[in-house]
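Each ligand, and each atom within it, is numbered from 1 in the order the structure gives.
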Amino acid sequence: MSLLVVGSLGLDTVETPFGKATDVIGGTAIYCGVAASYFTGVRMVGVVGEDFPQAEIAFFRQRGIDLDGLEIKPGKSFSWGGRYHLDLNMRDTLFTHLNVFESFQPALPPKYRDTPFVFLGNIGPELQLEVLNQMATTPKLVSLDTMNYWIERTPQQLGDVLKRVDVLLVNDSEARQLASEANLVKAARQIHNMGPKIIIIKKGEHGALMISGGKYFWAPAFPLENVFDPTGAGDTFAGGFMGYLAHAGKVSDETLRQAVIYGSTFASFVVEDFSLGRIRHLEQAEISSRFTDFHTMTRFTKPWE
Ligand code: AMP
């Protein structure tokens, strides 16, 4: 089954303690869409300017991504600059130029309107709601990513869209802020009452926690020796997670757990290089091998059985 991905597409300039990359492709829809394209057909909705490299558009097409929902507008693409500290969990945003993204109004081509799986990347909640309003059929699964900016500035609109969302992907501080609750277990319960029945709390180098129906599933982060650039790890996680679920076509406890591990697998690849360097051309064998490493890393038996 296919996956609809909505979010930013643009050019990033990123500095880490290990180097700098200037005007490389980035944005939530790109990280998510490319990761998901390893599993399923992706339909992309977003906007870029005329400066967006044609070769990258060709690369998305090569990956089988449907770009009928991608607008190319006169002007410059969204661009973002960030600098990471030695502790890669800390980063400063150096600039955010919205450019053509400032007036972005998602418009779903008619053929996108019955897509069963939907990922609403981190954009204004009123735009996320607009996407859902344009759907002709109720999707099988809708997931949403958001951040402190929207939690603080547009809580009402965020509340409205959350009522129609199945999976919320946030980091731990965002979960606490959204629920106004310091304890994550209690925060998850409150978020559950806002709409999403599945909450995924991303904890960077400490992995990801899924809370669903009062049950918990923990995935560690892959222990990497060389983390090069953490940009896009969360969106890439979302791509592996949603892409796999769309491929499976079924949302069960088992497929959700597998999806969290595929999300973690893709996130562990993307941080190994700047931009999408590491996930442009992954072999199926590399993906399976890392998935298996996650299995090995977390498997244990009960000594009394
Ligand atoms: P993450 O590391 O998961 O927070 O994602 C980083 C990506 O988000 C980068 O590729 C940026 O281009 C994109 N980004 C940064 N700020 C914004 C924003 N205000 N709206 C949309 N996308 C953004």
### Side-chain heavy-atom pair Arg91, Arg83 within 4.5 angstrom cut-off
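No, side chains not in contact.
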Give yes or no for whether the N/O distance cutoff of 3.5 Å, strictly under, is met between [X] and ligand 1.
X      : value
Asp12  : yes
Gly232 : yes
Gly26  : no
Thr96  : no

### Query
Does Gly10 come within less than 4.0 Å of ligand 1, judged by its heavy atoms?
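False for this residue.
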### Message
Applying the side chain to side chain contact (heavy atoms under 4.5 Å, CB included) criterion to Ile211, which one of Ile201, Leu168, Ile191 satisfies it?
### Response
Ile201
Looking at [X], which atoms of ligand 1 are within less than 4.0 Å of one of its heavy atoms?
X      : result
Tyr31  : 10 (O)
Thr231 : 2 (O), 6 (C), 9 (C), 10 (O)
Arg91  : 1 (P), 2 (O), 4 (O)
Gly234 : 3 (O)

How about [X] and [Y]: are their ring centroids closer than 6.0 Å?
X      : Y      : answer
Phe291 : Phe294 : no
Phe228 : Phe274 : yes
Phe266 : Phe39  : yes

### Task
Dump the intermediate steps for side-chain hydrogen bond (donor to acceptor under 3.5 Å, both in side chains) on Asp51 and Ser77, then the final yes or no.
CA-CA 6 Å; Asp51 58 346; Ser77 302; 2.6 Å; yes
### Query
Which is closest to atom 8 (O) of ligand 1 in terms of heavy atoms, Val24, Thr28, Ile123, Ile25?
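Among Val24, Thr28, Ile123, Ile25, the closest heavy atom to atom 8 (O) of ligand 1 belongs to Thr28.
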### Task
Check each of Trp80, Phe104, Phe78 against atom 17 (C) of ligand 1 and report the one with the nearest heavy atom.
Phe78
### Query
Using 4.0 Å as the upper bound for N to carboxylate O, is an ion pair formed by Asp68 and Lys111?
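So Lys111 pairs with Asp68 through a salt bridge.
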### Query
With no hydrogens and no angle check, do the side chains of Tyr244 and Gln258 hold a donor and an acceptor under 3.5 Å apart?
yes
### Positive for salt bridge (Lys or Arg N to Asp or Glu O under 4.0 Å) with Glu56, one of Arg63, Arg280, Arg61
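Going through the options one by one, the only one that passes is Arg280.
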## Note on the structure
Nearest non-hydrogen protein atom to atom 22 (N) of ligand 1, with distance, is Ser8 OG, 2.8 Å
### Query
Tell me, which protein residue and heavy-atom name are nearest atom 3 (O) of ligand 1, and how many Å apart are they?
Asp235 OD2, 3.3 Å
